[in-house]
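For reference, the structure discussed in these notes is given below.
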Amino acid sequence: MTKTTYRDALRKALLDAMAEDENVILMGEEVGLYGGAYGVTKGLLDHFGANRVIDTPISEPGIVGAAIGAAMTGLRPVAEIMYVDFAGMVMDQLANQAAKSRYMFGGQIGVPMVLRTQGGTGRSAAAQHSQSLEAWMMHTPGLRLAMPATVSDAYHLLRDAMRQPDPVVFIEHKGLYTLKGEISPDPDAPWGQPAIRRDGRDLTIATYSRMLHETLTAAAALAPEVEVEVIDLRCLNPLDDTVLMESVRRTGRCLIVTEAVTTGSVASEIAARVTEQCFDWLEEPPLRLGGEDIPIPVSPALERASIPDAMLIEEVARWLVTREAPSWAA
Amino acid sequence: MTKTTYRDALRKALLDAMAEDENVILMGEEVGLYGGAYGVTKGLLDHFGANRVIDTPISEPGIVGAAIGAAMTGLRPVAEIMYVDFAGMVMDQLANQAAKSRYMFGGQIGVPMVLRTQGGTGRSAAAQHSQSLEAWMMHTPGLRLAMPATVSDAYHLLRDAMRQPDPVVFIEHKGLYTLKGEISPDPDAPWGQPAIRRDGRDLTIATYSRMLHETLTAAAALAPEVEVEVIDLRCLNPLDDTVLMESVRRTGRCLIVTEAVTTGSVASEIAARVTEQCFDWLEEPPLRLGGEDIPIPVSPALERASIPDAMLIEEVARWLVTREAPSWAA
Amino acid sequence: MTLANDAPLSRYRTMRRIRTFEERVGELFLKGESAGSMLHLSIGEEAVVGLTDHMKTGDTFTTHHRGHGIFLARGADPMRMLAEIAGREAGYCRGKGGSMHIADRGLGHLGANAIVGGGIPHIVGAGITARNTANQAISVAFFGDGAMSQGILYEAMNMAALWKLPVVFCCINNQYGMGTRVDRSAGKQAFPARAEAFGLNAVRADGADVETVHNDTQAVMEGARDGHPGFVEIDAYRFHGHARMDKSPYRTPEEEAAGRDRDPLIMARTTLDDEAALNTIDAEVTEEMDAAMAGAIAAPVPATDTMFQDVYDPTTPAPQPQRARLASVLEELN
Amino acid sequence: MTLANDAPLSRYRTMRRIRTFEERVGELFLKGESAGSMLHLSIGEEAVVGLTDHMKTGDTFTTHHRGHGIFLARGADPMRMLAEIAGREAGYCRGKGGSMHIADRGLGHLGANAIVGGGIPHIVGAGITARNTANQAISVAFFGDGAMSQGILYEAMNMAALWKLPVVFCCINNQYGMGTRVDRSAGKQAFPARAEAFGLNAVRADGADVETVHNDTQAVMEGARDGHPGFVEIDAYRFHGHARMDKSPYRTPEEEAAGRDRDPLIMARTTLDDEAALNTIDAEVTEEMDAAMAGAIAAPVPATDTMFQDVYDPTTPAPQPQRARLASVLEELN
Ligand SMILES: Cc1ncc(C[n+]2csc(CCOP(=O)(O)OP(=O)(O)O)c2C)c(N)n1
Ligand SMILES: Cc1ncc(C[n+]2csc(CCOP(=O)(O)OP(=O)(O)O)c2C)c(N)n1
Ligand SMILES: [Mg+2]
Ligand SMILES: [Mg+2]
């Protein structure tokens with residue numbers, strides 16, 4: 001297999017799906033002529049024409065609303081919101097319309113659409129262009145939520161997302177577009193389920209999106225002293241936690257790593273579940289490592305310091321297993 | 001002291017604050033002539049005139065945006081969004097603008113506004129008029145969040161909210177407006193801190209808003225067999241958890257009761273914190289009792305069944321202390 | 001009789017069905033059989049039938065919270081509507097949606113909405129589907145004057161104009177959004193001019209006369225089918241309060257009387273001038289609605305565990321009930 | 001010389017300061033000293049000075065992401081701006097905001113915004129303050145043609161018209177929103193007509209000539225001060241790419257050349273026709289901006305723990321740092 005990038009794997013997923021099914025359309029700001037703010041949709045306008053690759057005005061609520069109507073009437077829209085930070089403009093269409101239509105209408109009207117967007121830090125894009133808002137989507141029944149961390153998942157999760165009968169929020173990470181890797185012939189795990197990215201007996205770390213890579217770096221540095229099992233959650237709503245709970249029952253320890261503001265985060269949900277389901281197996285409380293409870297500052301040094309990195313993960317992981325305190329906790 | 005209602009206590013808070021400070025203004029749909037969708041602002045237009053009690057068009061993002069601008073330039077706006085369900089329309093103004101302005105602008109520009117709204121079930125108002133979306137606000141640094149459960153708090157928390165230098169989301173409960181009680185001369189607890197509503201040694205139940213009352217009913221039914229300590233969290237962002245942790249360390253058991261969809265809820269955050277901070281004191285894992293992970297159905301029977309009630313709280317609380325299993329878990 | 005082929009008489013019948021239906025909704029509430037009190041009657045707005053009569057099988061639409069009449073005009077079964085409003089399993093949405101969330105995909109109803117403006121952009125998507133599949137359908141969004149203040153309306157209008165979609169935005173201006181008369185919500189009340197500024201064909205029609213509405217909206221509706229999106233304002237009056245609990249203290253009896261004088265049913269009766277035929281219709285409609293009412297009230301409420309159905313597609317797992325989650329936690333711990 | 005009293009020359013100076021400043025911003029990026037690459041230069045849009053010259057001390061404004069020039073025109077210190085863009089403690093926002101979130105309450109700048117349309121409704125609130133306190137101030141929202149597609153703009157316009165607020169909506173139409181030319185985003189391009197439909201005074205001004213902008217916007221700006229809200233469209237061209245990484249492959253060299261021919265600085269030079277004075281200004285400006293640049297680059301980055309400051313008012317507790325939270329957890333457990 002040849003290597004490709006996360007960006008191109010996403011592009012290939014869109015291309016393959018569009019070639020297979022003429023009902024698949026793309027719509028969003030700059031998805032056509034410009035090729036996508038992060039280059040994901042480059043060339044697709046030429047391939048499929050302006051009726052299927054639709055450059056929209058800067059009208060986020062309208063874009064999501066239009067995608068909903070297209071989905072209700074038989075198309076399979078993949079709408080794009082350029083930054084997940086703009087979720088606040090579209091949460092009504094997403095949470096009150098897309099997520100609830102099937103339910104409110106007694107099962108008659110599904111909304112098979114994908115909302116692609118990207119989030120996260122790393123580009124000094126400041127407080128309104130660097131957030132991680134997946135917790136809002138996780139708290140919304142009726143939505144599905146996927147966040148790919150690997151090149152292969154970029155492809156397979158997006159293909160799978162486009163096959164769902166219900167709305168899927170698909171959040172890419174701006175720091176991963178140039179990540180290189182291979183697209184496996186089969187998905188690393190079935191849609192909806194986590195993938196174990198590294199086996200270990202001492203500690204379970206649950207994570208997703210870009211933090212997977214920081215975690216794997218930390219895990220590599222910790223071995224063989226501490227053997228970490230790394231679980232990539234991939235799909236957060238609904239969250240299938242079976243694999244995670246099995247792992248924690250084996251290791252007795254759990255750390256959850258996210259980039260989002262910690263309070264009220266996905267990490268909090270997972271910590272709550274782990275305690276509920278694994279209480280008698282736990283040697284230590286599940287701990288959360290997340291973003292600081294602050295808006296993202298623009299200054300590169302501050303931005304970096306505001307979210308976890310491999311070093312911090314390593315320090316906390318080591319403590320959980322060996323009780324060797326990090327310098328800042330000594 | 002004479003009894004009043006939650007509705008009238010809120011009204012009195014607005015009235016007193018407006019009488020004291022002419023910079024306080026109200027704005028929102030139907031706050032003037034109509035007197036508020038739930039009657040809270042009745043009569044205030046006559047008292048203070050149309051420049052201070054501003055009936056707005058049905059433009060939620062615009063209302064919050066206008067309140068922000070008024071707050072930035074020296075007024076103390078109390079904006080109203082009729083249902084918290086409309087939060088999805090205003091989260092951009094709330095989370096990207098109101099919450100982040102002080103930070104992004106390096107401390108120069110605060111946004112001292114209150115966003116009043118109401119949420120919750122109980123009126124067969126269906127999926128778009130019955131939600132509990134406080135988790136979104138809790139996950140947003142820069143916001144403050146208060147949810148009064150009692151008549152006295154309706155008054156004091158709202159007064160305190162109007163004194164904050166930062167934006168406060170203030171969520172009332174549609175099922176509490178007719179609740180009767182007294183307004184104490186002093187607040188039941190300092191702004192930002194929980195109030196212990198009942199002392200107990202066997203189990204701590206943390207809750208807020210309408211679920212406080214279901215919890216108190218359950219606690220009364222459980223005594224003297226099981227003595228429950230009931231903590232009313234009152235202010236959820238920032239969450240001051242000192243009192244709660246002290247309580248759990250005493251009781252060794254914790255149940256968190258909310259009306260919101262359980263996954264990704266305030267209950268999850270609290271469960272995560274309790275485990276982190278009280279692990280060695282815990283006899284049982286902190287458990288969450290919340291709304292089902294579904295949209296709210298309109299049918300009254302289904303609506304009722306979808307959220308916790310005193311009976312369910314009682315059953316789970318009893319199990320936690322006595323291990324006597326409820327019928328559905330036996 | 002040949003009433004069925006007589007369009008104005010048929011429109012009268014539809015208007016009468018709406019009027020009588022809405023009266024039954026009020027009764028349902030008084031009987032304590034409705035799910036809640038958020039019931040918004042479209043009495044006074046029946047002349048929308050003049051517009052819906054331009055719609056065809058396959059056309060789609062979305063409505064606001066005051067959409068009973070529109071849905072009836074598009075073919076709804078009043079029994080299933082009342083059952084839904086009563087929160088019964090036999091309702092259009094199995095008792096999940098209620099008055100504000102009624103829909104029937106088969107009849108092209110993509111959904112009533114309790115978010116003011118919430119359903120408007122959906123027709124843009126339906127328009128894209130129509131364009132891409134060349135299915136000849138138009139899609140119509142129905143909403144009130146209050147939604148003229150929702151930004152999403154203008155986003156949707158702009159997209160429709162930009163992409164030349166077969167859609168129509170229909171504002172039923174009943175002069176009030178709750179207690180706010182339109183002059184207290186609109187900086188300027190020339191709504192068609194707003195639509196024109198975005199590139200739409202636009203017209204205002206007198207909602208006191210269903211035939212006027214029919215005639216005056218024809219060009220806009222036909223234009224939409226040809227890819228010229230349109231806007232229609234139907235000028236009407238909300239006869240009753242905003243919802244069932246509202247007694248409209250914010251308006252004068254004089255104003256109400258004048259508004260109710262603009263009754264499209266009375267106007268139609270006068271124009272049609274066939275007392276016998278009209279009375280026959282009225283009697284038939286009463287009978288139909290009585291039967292619908294009886295059927296709805298007799299219908300059973302949904303079983304509790306249906307609440308977990310249809311959150312997601314039934315081919316995928318339903319959400320785990322809380323008691324099941326807790327039971328498995330408790331079991332592990334025991 | 002009496003340049004200071006000579007308004008057109010003074011406007012030329014301000015435009016030159018904007019142009020040179022923006023060039024320095026580009027250099028800051030090339031030097032690797034900027035915080036990120038999201039730098040949106042307002043080169044080509046300098047004639048906005050014709051409008052800002054109608055503003056007074058005490059007036060307030062909000063800007064979009066391309067607001068450096070507007071802020072300079074309202075009195076900003078270029079060193080503190082560059083320092084902010086470089087993420088330095090000495091910046092206007094202590095290195096928290098950057099290019100897209102610059103503000104100075106003292107100068108009336110209520111904030112630049114990275115949400116297209118995000119800052120627009122704030123002027124409605126500022127207008128309410130002005131009305132309620134009778135402070136004689138106006139408030140102006142600056143935004144691009146892209147924001148003409150944001151619904152919140154129309155909500156804000158409607159409120160302003162309804163309440164007769166002293167505010168102005170100023171659209172700087174530089175023909176593009178990122179790669180989308182305005183004819184691909186607007187169903188109809190007559191933007192002032194949209195504003196008029198909501199009840200605003202509206203005008204379009206030629207952004208190639210600062211004096212034309214000054215003259216043509218005068219009535220609208222004065223009207224606003226009297227409680228007649230206004231809308232201004234300044235017709236300009238974005239000389240460079242959307243942000244620093246964008247080479248504008250979506251437009252032709254011919255179009256770019258024609259756009260750049262509409263250069264308000266060249267037009268002003270031609271009109272003013274005083275080579276010596278103009279060259280003096282240019283030299284002074286170069287010197288000023290060089291000094292600002294040197295100052296900004298030399299300024300230190302903020303200390304790490306400043307990131308916890310100003311989330312909330314400093315009289316209330318700052319958020320707990322994660323390491324402190326974990327340390328206390330670990331301590332309890334040890
Ligand atoms: C987004 C939103 N804001 C507010 C409400 C509360 N509300 C329900 S109906 C209504 C008035 C709507 O007026 P209009 O659009 O004219 O429709 P009408 O009721 O007159 O048919 C309001 C404010 C809502 N449901 N949704
Ligand atoms: C709500 C929102 N949508 C999209 C973007 C991404 N974005 C940033 S600038 C821009 C183009 C804006 O165009 P315009 O308003 O004309 O301003 P200009 O850049 O031309 O000055 C876009 C789409 C954003 N920042 N905010
Ligand atoms: Mg109305
Ligand atoms: Mg532009």
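We name chains A, B, ... by the order of the sequence lines, and we start the count at 1 in each one.
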Could you look at B:Leu320 and say if it's the side chain, the backbone, both or neither that has a heavy atom under 4.5 Å from chain C? neither
Shorter than 4.5 Å, heavy atoms on both sides: which option in B:Gly291, B:Ala330, B:Pro285, B:Pro326 has the most such pairs with chain C? B:Pro285
Looking at chain C, which one of B:Gln128, B:His129, B:Glu60, B:Arg123 has the largest number of heavy-atom pairs inside 4.5 Å, strictly under? B:Gln128
Answer yes or no: is there a side-chain heavy-atom contact under 4.5 Å between C:Gln322 and B:Pro308? yes
May I ask you to decide if C:Ser149's main-chain N or O and B:Ser59's side chain share a donor-acceptor pair within less than 3.5 Å? yes
Please say whether more than 12 non-hydrogen atoms of neighbouring residues, nucleotides or ligands are located less than 6.0 Å from CD in C:Glu331. no
Minimal heavy-atom distance between B:Ala37 and C:Met178, with the atoms involved, is CB-CE, 4.3 Å
So which atom in C:Pro319 and which in B:Ile294 form the shortest heavy-atom distance, rounded to 0.1 Å? CG-CG2, 4.1 Å
Cut-off 4.5 Å, heavy atoms of chain B, and the answer for C:Arg94 is neither
Interatomic distance, C:Thr304 atom OG1 to B:Arg304 atom CZ [nearest 0.5 angstrom]: 9.5 Å
Starting from the C-alpha separation in whole Å, work towards a yes-or-no answer on side chain to side chain contact (heavy atoms under 4.5 Å, CB included) for C:Leu326 and B:Trp328. CA-CA 9 Å; C:Leu326 289 169; B:Trp328 44 264; 3.9 Å; yes
Answer whether the closest heavy-atom distance between the side chains of B:Trp319 and C:Val329 falls below 4.5 Å. no
Can you tell me which portion of B:Glu29 sits under 4.5 Å from chain C's heavy atoms? Options are side chain, backbone, both or neither. neither
Decide side chain to side chain contact (heavy atoms under 4.5 Å, CB included) for B:Val298 and C:Met100; before the verdict, give the C-alpha distance in whole Å, the side-chain angles of both, and the deciding distance to 0.1 Å. CA-CA 9 Å; B:Val298 81; C:Met100 298 197 292; over 6 Å; no
Would you check if B:Leu287 and C:Leu330 make a side-chain contact, meaning some heavy-atom pair closer than 4.5 Å? yes
Between NZ of C:Lys96 and CG of B:Leu302, what distance do you get to the nearest 0.5 Å? 7.5 Å
Taking only heavy atoms into account, what residues of residues 185-195 of chain C are found under 4.5 Å from chain B? C:Ser185
By a 4.5 Å heavy-atom criterion (distance strictly below it), what part of B:Arg288 contacts chain C: side chain, backbone, both, or neither? both
Which bit of C:Gln150 is near chain B, if near means a heavy-atom gap under 4.5 Å: side chain, backbone, both or neither? both
Heavy-atom pairs under 4.5 Å with chain B: which of C:Ala327, C:Gly87, C:Gly36, C:Ala35 has the most? C:Ala35
For B:Asp293 and C:Gln320, run side chain to side chain contact (heavy atoms under 4.5 Å, CB included): C-alpha distance rounded to whole Å, both residues' side-chain angles, the deciding distance at 0.1 Å, then the answer. CA-CA 8 Å; B:Asp293 283 338; C:Gln320 187 185 32; over 6 Å; no
Does C:Ile152 reach the side chain of B:Met89, with side-chain heavy atoms less than 4.5 Å apart? no
Side chain, backbone, both or neither: which part of C:Asp305 has a heavy atom under 4.5 Å from chain B? neither
Just wondering, do B:Tyr34 and C:Asp246 contact through their side chains at under 4.5 Å, heavy atoms? yes
What part of C:Glu89 gets closer than 4.5 Å to chain B, counting heavy atoms only: side chain, backbone, both or neither? neither
So what's closer than 4.5 Å to chain B heavy atoms on C:Met307: side chain, backbone, both or neither? both
What part of B:Thr262 gets closer than 4.5 Å to chain C, counting heavy atoms only: side chain, backbone, both or neither? side chain
Where B:Leu33 and C:Gly179 come nearest, the two heavy atoms and their spacing: CD2-O, 4.2 Å
Looking at C:Asn113, C:Asp310, C:Thr306, C:Val182, which makes the most heavy-atom pairs under 4.5 Å with chain B? C:Asn113
